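Before I ask anything, here is the structure I am working with.
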Amino acid sequence: MNTILTEQAAIDVQEQLRTQVIQTDMLPADIKLIAGVDVEYDKDSDLIAGAFVLLDFNTLEVVEVATHCMEVTFPYIPGLFSFREMPVLLEAWKKLTQRPDVIICDGQGLAHPRRFGLACHMGIVLDVPALGCGKTRLFGTYEQPGAERGSVSPLLAEDNGEHIGNALRSQEGINPVFVSVGHKISLDTATTLVLKMCTTYRLPETTRKADHYGREAFLAYRKNVE
DNA sequence: GCGACAG
DNA sequence: ATCTTGTCGC
């Protein structure tokens, strides 16, 4: 793999950018477009596909899709995940003709050992409100939220007790998702938005749609390159 | 030393 | 992430 940054250089970038994160709502009260992102990986090559999907906030209809395929430039290292997925997603972002009001990322935001997960990185680099919604925990301790849809319990940093995110029961009786601030949004708003996007499944529709189109783009691309 | 570890 | 259909439980 043609890695561009060393591990230490990536950590230095995180320490530098983390200071720019804004944890208050700076998104429009009347959200019109909400974005979802996801990256697909090939089972036996370094090929990946990134997808950006824009949905109408009220109808959840797909408004625009942009994808990009390339080879990974950074290994998977817990805590440095954004350096693996940001490159493809940035390329996909460049192909969009519209700007979303907020981006839901597949992973953590502040719920990260250095408080700088993918959602923070995305929000800072694009200067767009962003939040993280992960399927599993990376950092922080929590109690199991109530079984009913919408139940929340705080994710507390194990180093200083900081409230870095929420474990949110997006559907009754199934495992919670982990919501945290990315940039220009509050934890409360982020949590409310994720719950609103989880209409029928555990994961937000934004993430599910991005996964769908990303997979589609990946298969089409691989078929042409084969 | 041992376990944990977003996707 | 990926390997992967049927199957166990409510």
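Note on naming: letters A, B, ... go to the chains in the order of the sequence lines (proteins, then strands), and numbering restarts at 1 for each one. Treat the numbers as computed from the prediction; the structure is a model and nothing was measured.
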According to the interplanar angle, ranging from 0 to 90°, do the rings of His121(A) and Phe83(A) count as parallel (below 30°), tilted (30 to 60°) or perpendicular (above 60°)?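 Geometry flag for Phe83(A) against His121(A): perpendicular rings.
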
Regarding Thr189(A) and Thr192(A), is there a side-chain donor-to-acceptor distance under 3.5 Å anywhere? no

Would you say the side chains of Thr97(A) and Glu64(A) form a donor-acceptor pair under 3.5 Å?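 Per modelled atom types, Thr97(A) and Glu64(A) side chains form a pair under 3.5 Å.
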
Watson-Crick or G-U stems of DNA chain C, 3 or more pairs, under 3.5 Å, by first number: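 For DNA chain C no paired stretch is long enough to count as a stem (3 pairs minimum).
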
Does any non-hydrogen side-chain atom of Leu131(A) lie less than 4.5 Å from one of Ile103(A)? no

Verify, without hydrogens or angle tests, whether Asp101(A) (side chain) and Lys32(A) (backbone) share a donor-acceptor contact under 3.5 angstrom. yes

Going by atom types only, do Glu85(A) and Tyr41(A) share a side-chain donor-acceptor pair under 3.5 Å? yes

If we ignore angles and hydrogens, is there a donor and acceptor under 3.5 Å between the side chains of Gln8(A) and Asp12(A)? yes

Contact pattern, 5' to 3', of nucleotides 2-7 of chain B - B, S or - by protein heavy atom under 4.0 Å: --SBBB

